[in-house]
Each structure stands twice: as C-alpha cells, then as structure tokens.
Protein chains: 2
Amino acid sequence: MSVQERKQRERAERERLIVATARELAEQQGWDAVTTRRLAERIEYSQPVLYSHFRGKREIIGAVALEGAAELAVAVRAAAAAADGPRARVAGLARAYLDFAARNPAVYDALFQLDGGLAFAQEDTLEPLKDAFAALLESLGEVTGDGVDPGLFTEVFWASLHGLATLTRAGRLPPEDIEPRVELLVDRLAVV
Amino acid sequence: MSVQERKQRERAERERLIVATARELAEQQGWDAVTTRRLAERIEYSQPVLYSHFRGKREIIGAVALEGAAELAVAVRAAAAAADGPRARVAGLARAYLDFAARNPAVYDALFQLDGGLAFAQEDTLEPLKDAFAALLESLGEVTGDGVDPGLFTEVFWASLHGLATLTRAGRLPPEDIEPRVELLVDRLAVV
DNA sequence: CTCGCCTGTCTAGCGATGCTAGAATCGAAT
DNA sequence: ATTCGATTCTAGCATCGCTAGACAGGCGAG
C-alpha cells in the first residue's frame, strides 16, 4: 500500500500549497484578487482541482483563517512569556495582537471579517480558534479583577483590541499612535 | 426654468429611492443580495439609470453609510440627553450604539465593514461621519480623565464598542449578555 | 509484458455579477 | 408640427464561483 501512501502525501502537500498560495495572493493583492482562476493558475493546476480539496472558496478562506489562528496564539503566548509581571504581560499581549493584525491583514480578515464558514464559540468550534481565545485568557485572567468573570473580561478586552485593529487598518486611526492607545487600554481595563 | 427644476426634483427623488431600496434590500437579504439587476428591478428602472446617479455599487453603499451615520449620531445624542450625570450618559451612549448596530446590521456594515469609498478621519471626510464622531466625543469628553486627550479616549472607547458590535453580530458573543459587558466597559474605561 | 479499468485531471460551459456602448425614445423649444 | 438634445433602454462584455462530461495516465490482474 505504499503507492496509496505516496499519493496521500502528495495530495496533502498540494493542499498546503493551495492554502499557502491563497494566503500569499491575498496578502499581496487583497482577497478580491484571490479568484479560483488565478489561484489555479498559480498552483499550476486547473480550477476543478481546488474543488477536490475544498467545497469552495469559503473553505479556502477558512483554512487560511485556521492557520492564522494558530500563529496568533503562538505570537500572543510568546509576548506574554517574554514579559515580567501581569501588567507587562497584558501590554505585551495587546501589542503582539495588534502587530499580528497589522502584519497579516489578509489573514486577519480571513479570521474575523470574511465568511470562512467557521463556527465560533460553539461546541463544534475547531481547536485552533478555541486555543487562540485560550491564549488570551491565560494572561488576561490575571488582571480580570474581583467579581468579574474572566471569560467575560477576556471577551471585552479582545473586542477592544479587535476594534482597534479594524479601525486602524481602515485608515481611521493613525498607525503611529498605537502605543498610547495600548497604554490607555491596559491602564484602564486591567486590574493589577 | 420651472421645467428644469421639476426634473431636478424628480431626479433627487429617484436618488433617494435608490438609496432607500438598497438599504431595505440589504437589511432584508444581506448586501450580497443587493445586485445592480435586482436593485434596478425594484426601483422599476434599468441598470444604467443607477450609473447616472452613482459611479458604481460602492457609491451606493457609501450613500447608505452616510444616511446611517446621521441616524447613529441622532441616536447617540438622544440617549445621552435622556440620562442624568456623566456615567449614565456614557452607559446610555454605549447601549444606544450597540442597539443601533444590532437593529441596522446592513447599515452598520455599510458604515464600517464594507468599502463604501468613503474617506475617514481626513480633511475631505464628509460631514455626517465627522458629526457621528463628534456625538461620541461630546459625552465621552466628560469622562476622559486627566492627562488623556479626549480624542484619543473617544477613539479607544469607540473601538471597544465597534469590537463588541462586530463580534456580537458574528455570533461570537451571546446577545443576551450585552448589559454586563457595557457595565464592565463603562466601569473601567470611564473616569467619573 | 499487455490489457482494461479506474482514479484523477482538464476542457468547456452555465448562470450570475458589475459595468458600458450604442440604439431608441421621449419631451422641450422653436 | 418638427427638430434636436437629453434620457432611458436593450444588448453585450469580461469576469466571477462552480460543475458536468470528456479524456488520459498509471495501477493491478492475467
């Protein structure tokens, strides 16, 4: 059965290629430029091959989103681990989150703006999404304060970061003033 | 020149009809259902008529967004005027904002999610957009706290509301828990 | 080694999209 | 009543996501 194994390996490899190419194209020229024709041309296969891996364009977006969620969790945990004390951890987490959104706008869109057909905050929510939320909760739970549910606090803090990330990228907030915003948010929201 | 005046009036009337119909259709079936063909059919004109009023679909979305910005400003000011004291004003403002987003999802999308071709936070930003921000600033300036720029504070507070609105509508946050989130946000961010 | 089948891929095309050129029609002014 | 300009419509383009059916190449059986 070695032949089938090789085929399976090649198939998995091609699937990774599709997702990586879609992500690359989206970061270069925006998601509007990610058409099934262009994507197929870039991976040097015809369009129907895409549909043998994914149900449609939505699922490809979803795959990029999952990849991004895992990377976001890593970035957030790394920033938290590099800081001393609860306040520094939360500030580092906030900077890492906003930095990720700024550096990977297309991936961030796939995660939170576009319809990737993913279930959020439900039983069948996929692991990377739950884990990204867990990564936030780990550091934010330290500064929730008494009488407040850490989950609720994390949701509110996350929503604030999400709003900042979104409005910044829409040109609403000048990117050079990120730091005072983070300071204000952490000073007021976090209980240290 | 009465004839030309009448024509101009009728033209303006038809433009209002286009915007109102686009908004209605978007609220009923989502923006994806707002195609130029369907829109043209509903207003009982052919597609090219749309392009004699707007450069394209983007501008129609932008027109709906402007309408929404004006209504949002009214809603926020009304909520603030109905409350006694800075804290109650800010809490009312927050509820009014989230309520507007929940009741007019398509309009909210046109304002902040979709590309309506509008300039934000620039010199040529249109009046309704500036005014909506001003409406927030009026109440939030009262609770900014010392040593913080009211504009910066308003932006951060607004970003938090925007994040909550967005994530709530994406099914990420259960809508029935809006109240504790608002309370938490106001308690922590506002200095009373 | 050869043959037939089956898996996998491609060509071609469908309906729908945003948008536009040019024909056709309507109405105002002479 | 007629002409002419403005307005509206018909028809069509390129592109989109997606799919049916033709085609081919490599696999296992003899």
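Just so it is clear: chains get the letters A, B, ... in the order the sequence lines come, proteins before strands, and each one is counted from 1.
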Item to check | Whole angstrom value for the distance that separates P of C:dG22 from OH of B:Y51 | outcome: 18 Å
Checklist entry - Does a distance-only test, which skips hydrogens and angles, find a donor-acceptor pair under 3.5 Å between the side chain of B:Q47 and the base of D:dC9? => result no
Checklist entry - In whole angstrom, what separates A:K57's NZ from D:dC18's P? => result 8 Å
Checklist entry - Is the backbone of B:G117 close enough, under 3.5 Å, to the side chain of B:E59 for a donor and an acceptor to pair up by distance? => result no
Item to check | Atom pair distance, as rounded to whole Å: CZ in A:R58 and C1' in D:dC18 | outcome: 14 Å
Checklist outcome for this item: Result for side chain to side chain contact (heavy atoms under 4.5 Å, CB included) between B:S160 and one of A:L189, A:L164, A:L185, A:L161 points to A:L185
Next on the checklist: Using a heavy-atom cut-off of 4.0 Å across all strands, would you classify B:R14 as base, sugar-phosphate, or nothing?
Outcome noted: sugar-phosphate
Next on the checklist: Does B:S46 reach a base, just sugar-phosphate, or nothing at all? Heavy atoms under 4.0 Å.
Outcome noted: base
Item to check | Per B:P48 side chain, nearest of listed nucleotides C:dT9, D:dT19, D:dT10 | outcome: D:dT10
Checklist entry - Do any pairs count as a ring-ring contact (aromatic ring centres under 6.0 Å, His included) and have a residue in residues 161-192 of chain A, sequence neighbours left out, and if so which ones? => result A:Y108-A:H162, A:F112-A:H162
Checklist entry - Closest to the A:T35 side chain: D:dG17, D:dC18, C:dG18? => result D:dG17
Checklist entry - What is the distance, rounded to the nearest whole Å, between atom CG of A:D32 and atom P of C:dC19? => result 12 Å
Item to check | Rounded (10°) bend between the five-pair end axes of the helix from C:dC1-D:dG30 to C:dT30-D:dA1 | outcome: 20°
Item to check | SB check B:E13 B:R16 (cutoff 4.0 Å) | outcome: yes
Checklist entry - Closer to the 5' end of DNA chain C via nearest nucleotide, is it A:R37 or A:E44? => result A:E44
Checklist entry - Over how many whole Å does the gap from A:L50 atom CG to D:dC16 atom C1' extend? => result 14 Å
Checklist entry - Quick check: does any side chain N or O of B:R95 sit under 3.5 Å from a backbone N or O of B:V182, one acting as donor and the other as acceptor? => result no
Item to check | A:V74 reachable from A:W158 in the ILVMFWY side-chain graph, under 4.5 Å edges | outcome: no
Checklist entry - Counting side-chain heavy atoms from CB outward, which of C:dT9, D:dC18, D:dT19 is closest to A:Y45? => result C:dT9
Checklist entry - How long is the line joining CD of A:E10 and P of C:dT7, in whole Å? => result 17 Å
Checklist outcome for this item: In whole angstroms, the gap separating C1' of D:dC9 from NE2 of B:H53 amounts to 14 Å
Checklist entry - Side chain of A:T36: nearest nucleotide among D:dT8, D:dC18, C:dG18? => result D:dC18
Next on the checklist: Check this for me, if you would: do A:E142 and A:R87 make a salt bridge, where the nitrogen-to-carboxylate-oxygen distance has to be below 4.0 angstrom?
Outcome noted: no
Checklist entry - B:I43 has an atom CD1; how far is it from atom C1' of D:dC9, in whole Å? => result 13 Å
Item to check | Selection from C:dC19, C:dT17, D:dC16 that lies nearest to any side-chain heavy atom of B:R38 | outcome: C:dT17
